[in-house]
Amino acid sequence: MGLRVYNTMSGKKEEFQPRVPGKVGMYVCGVTVYDYCHIGHARANIVFDVIYRYLQFSGYETTYVRNYTDVDDKIINRANERGISSKELAEEFITAFDEDMDALGLVRPTHEPRATEYIDKIVEICQILIDKGFAYASSGDVYYRVDKFDNYLQLSKRNMEEMQAGARIAPGEQKENPMDFALWKGAKPGEPSWESPWGDGRPGWHIECSAMSSSLLGDSFDIHGGGRDLIFPHHENEIAQSEGASGKPFVKYWLHNGFVNVDQEKMSKSLGNFFTIRDILNTYDAEVIRFFILSAQYRSPIDFSDQNLAEAQSGLRRFYEAFESAEAATEGIDLRDLDREEGAKVEAKFHEAMDDDFNTALAIAHLFDGVRTMNRLVAIKKFRKKTELVAQVRDLHATILRLGEVLGLYRSQPTEWLEKVKLAGLKKLEITGEEIVDLIEQRLQARSGKDFARGDEIRGELEARGILLLDTREGTNWRLK
RNA sequence: GGCCCCGUCGCCAAGUGGUAAGGCAGAGGUCUGCAACACCUUUAUCAGCAGUUCGAAUCUGCUCGGGGCCUCCA
């Protein structure tokens, strides 16, 4: 069975059949660049990064578009507060966004358009919508006439009467209907603006996505993604604009990721439980964050907490330790053929999980199974002499790494990663690496004189301070407890 | 008030009609001078109630609990 995806429009999982066989067009709403990104942005972007990677892995030639919203009220306000131009502010946070996403190991989308690069297209769409009666100009603004679009609210499954009860007209807006939304906003003094048939102004929030997606992917395309919170009004309005203007079906599959909660509560600035990606990266390894996010299905809410991150780190460490030992165990052995059996099993399971609406949690579980198999084989007596076992392990190892690549995981050198995490953890303890090494040396002395009592004393002392000693053939190593 | 989602082992988390994956933590064991890693074994009837069905965590209804959207928001 092939890929199945949960479509917000139908509320069900559907068989994924791109409009053009073998090719996929995907648009994901990016960020408004007025501040640093938070863990919620990290989730959305990681999720769609994995979806993009998996589509390609599955053989689809995929065009992935993710925009920057670089003109908006929030940007204007923030720029004014800081006494810089909107453009400067936007540039600053576009750079910050790119840095954050690179740090999290995301691949770059095919296109990363900016709203301000598509003003002509935006004006064009506004004009078409006016010509077709879907929109009207009103004292310098242009509004969408939602009554005209029959399928309005189909995505968010709301009804117009109830919505209207809560809708308000903001001061200065000249709408026919409170539900109508702005396509073009007349410029107020000091705001960035562009020329248009309705006077100088700037685009409304939703229209830019219609303009960028149609320019880069066409009027109709396969996947449109974003956070759940974008379903209404953003995506609903995009549909109204794009289908109103083109007269064609806009998007085939609507995918929406769930939220990140913090300690069971919604993350919000007012609650003060707001974490930026940069803050988090000071405490946690980027791959741990990725592992944490992918350990849940993308539509479920996920709870960001120290305990959950610590667990993610333990889980990821299991992988890296297995890679390290597999590498060591198979090092320097010449093999002609690889045994593909175990690796193929893991790969089939992985595919099956990912085909079911990108179930990364289940996919990772199958990779854990692969790790166990690998560890089991390596532990067999005289492993290095049994080339068929070595072949199995090599293949499993390579397979897990290759599949991990789809999730953006296991990209570090095992020893380096383990060392990095270890040293980061050490910062929280009241002991230095030098002290530990020194004590290990003392213990070695004691043990070489068969003074095991003193040796155990040192082990106990270190353990009390959060350090575990590991005796290996090559000598004594340590790790955090 | 309207609409939507969720409630699975101590914690995280799969499973959407055929008899409960995986990880973390815990217990016992093998290995180890000791320990750690690894490996083996072990721990749930699925919020509650009532239905549909030969059979339900999976479908329906109700109750309880949690969350989201309806204003900007990933």
Side-chain angles (χ1 to χ4, degrees), chain A residues 8 11-13 28-32 34-35 37-48 72-74 77 153 156-159 161-168 170 205 225-234 236 256-261 264-269 291-292 295-297 299-303 305 307-319 321-322 324-325 349 353 356 359-369 371-381 447 450 452-453 455-457 459-460 462-463 467-472 476-479 481:
Chain A
T8 305
K12 296 181 190 135
K13 285 183 193 169
V28 174
C29 290
V31 290
T32 300
Y34 74 107
D35 205 344
C37 287
H38 54 65
I39 181 70
H41 296 112
R43 183 183 195 188
N45 284 286
I46 288 171
V47 160
F48 287 102
D72 165 89
D73 288 343
K74 292 190 293 293
N77 293 339
L153 303 184
S156 55
K157 297 166 182 64
R158 292 159 199 271
N159 100 31
E161 287 70 43
E162 283 148 6
M163 294 291 294
Q164 278 177 343
R168 279 180 316 190
W205 174 35
R228 290 188 76 83
D229 50 343
L230 295 181
I231 296 172
F232 185 88
H234 188 54
E236 200 70 73
H256 293 98
N257 65 274
F259 282 109
V260 176
N261 295 329
Q264 322 266 25
E265 285 179 301
K266 180 184 164 142
M267 180 170 60
S268 77
K269 286 182 176 167
F291 192 90
F292 160 68
S295 66
Q297 214 277 341
R299 284 184 284 117
S300 316
I302 193 168
D303 193 42
S305 67
Q307 193 196 337
N308 290 162
L309 268 287
E311 280 188 14
Q313 186 168 87
S314 299
L316 192 53
R317 185 166 62 201
R318 182 169 161 81
F319 279 95
E321 285 179 346
E324 194 178 44
S325 77
K349 291 275 196 184
D356 185 13
N359 193 336
T360 52
L362 186 55
I364 289 173
H366 293 317
L367 297 183
F368 269 117
D369 286 336
V371 162
R372 195 203 279 105
T373 305
M374 203 160 69
N375 285 334
R376 187 160 35 204
L377 294 173
V378 168
I380 289 173
K381 286 202 170 81
R447 287 172 77 216
K450 301 275 183 213
F452 291 121
D456 289 348
E457 201 179 296
R459 173 188 287 290
L462 281 169
E463 201 167 325
I467 302 298
L468 277 177
L469 293 185
L470 318 173
D471 293 329
T472 69
T476 301
N477 214 326
W478 61 272
R479 55 163 275 205
K481 198 171 167 187

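Chain A is the first sequence line, chain B the second, and so forth, proteins listed ahead of strands; every chain is numbered from 1. Just the heavy atoms: all of them, side chains too, but no hydrogens, waters or symmetry mates, feed the values below.
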Those residues that, when tested against A:His256, pass ring-ring contact (aromatic ring centres under 6.0 Å, His included) (two or more places apart): A:His235
Expressed in angstrom and rounded to an integer, what is the separation of A:Ile231 atom CD1 from B:A74 atom C1'? 11 Å
Identify whether any heavy atom of A:Ala365 sits under 4.0 Å from a base atom; if not, whether one sits that close to sugar-phosphate; answer base, sugar-phosphate or nothing. base
With C1' as the reference atom in both, quote the distance from B:G26 to B:G18 in angstrom, rounded to an integer. 32 Å
I'd like the P distance from B:G15 over to B:G22, given in whole Å. 15 Å
Nearest-Å distance once atom C1' is located in both B:A14 and B:A21: 6 Å
Is A:Gly40 touching bases, backbone alone, or none of the nucleic acid, heavy atoms closer than 4.0 Å? base
Roughly how many Å is it from CD in A:Glu236 to P in B:C69, rounded to a whole number? 16 Å
So what's B:C46 paired with, Watson-Crick or G-U wobble, going by both distances under 3.5 Å? none
Going by the side-chain contact (heavy atoms from CB on, under 4.5 Å) test, name the single residue among A:Ile39, A:Asn45, A:Val47 that passes it with A:Arg43. A:Val47
To the nearest Å, how far apart are A:Phe319 CZ and B:C24 C1'? 13 Å
Contact class for A:His38 vs. all strands (heavy atom < 4.0 Å): base, sugar-phosphate, or nothing? base
Would you measure the distance from the C1' atom in B:U19 across to the matching atom in B:U45 and give it in whole Å? 10 Å
A:Phe259 six-ring face occupied by A:Arg228 cation (under 6.0 Å, within 45°): no
If you measure from the C1' atom in B:U53 to the same atom in B:C11, how many Å do you get, rounded? 35 Å
Measure the distance from CG on A:Asp35 to C1' on B:C72 and round it to the nearest whole Å. 13 Å
Separation of B:G68 atom P from A:Asn257 atom CG, nearest Å, is 16 Å
Below 30° counts as parallel, above 60° as perpendicular, anything between as tilted: where do the rings of A:Phe368 and A:Phe319 land? tilted
Atom-pair distance (CZ on A:Phe292; C1' on B:C24), nearest Å: 14 Å
Rounded to whole Å, please give me the gap between NZ in A:Lys74 and P in B:C72. 8 Å
Checking side-chain polar atoms at under 3.5 Å, does A:Asp72 have a donor or acceptor matched by the opposite partner on A:Thr32? no
Under 3.5 Å for both donor-acceptor distances, Watson-Crick or wobble: does B:A57 have a partner, and if so which one? none
Pick the P atom in B:G48 and in B:U8, then give their distance to the nearest Å. 10 Å
Work out how far the C1' atom of B:U58 is from that of B:G68, and round it to whole angstrom. 24 Å
Contact list (N/O, under 3.5 angstrom) for nucleotides 34-38 of chain B vs protein:
from: B:C34; atom 1: O2; to: A:Asp456; atom 2: OD1; distance (Å): 3.3
from: B:C34; atom 1: O2; to: A:Arg459; atom 2: NE; distance (Å): 2.8
from: B:C34; atom 1: N3; to: A:Arg459; atom 2: NH2; distance (Å): 2.9
from: B:C34; atom 1: N4; to: A:Asp471; atom 2: OD2; distance (Å): 2.4
from: B:A35; atom 1: N1; to: A:Asp471; atom 2: N; distance (Å): 3.0
from: B:A35; atom 1: N3; to: A:Arg459; atom 2: NH1; distance (Å): 3.4
from: B:A35; atom 1: N3; to: A:Arg459; atom 2: NH2; distance (Å): 3.0
from: B:A35; atom 1: N3; to: A:Leu469; atom 2: O; distance (Å): 3.2
from: B:A38; atom 1: OP1; to: A:Arg318; atom 2: NH1; distance (Å): 3.4
from: B:A38; atom 1: O3'; to: A:Asn375; atom 2: ND2; distance (Å): 3.1

For nucleotides 3-16 of chain B, read 5' to 3', which letter fits each nucleotide if B means a protein heavy atom sits under 4.0 Å from the base, S means only the sugar-phosphate is that close, and - means neither? SS------BSSSS-
Using whole Å, report how far CG of A:Leu230 lies from P of B:G68. 16 Å
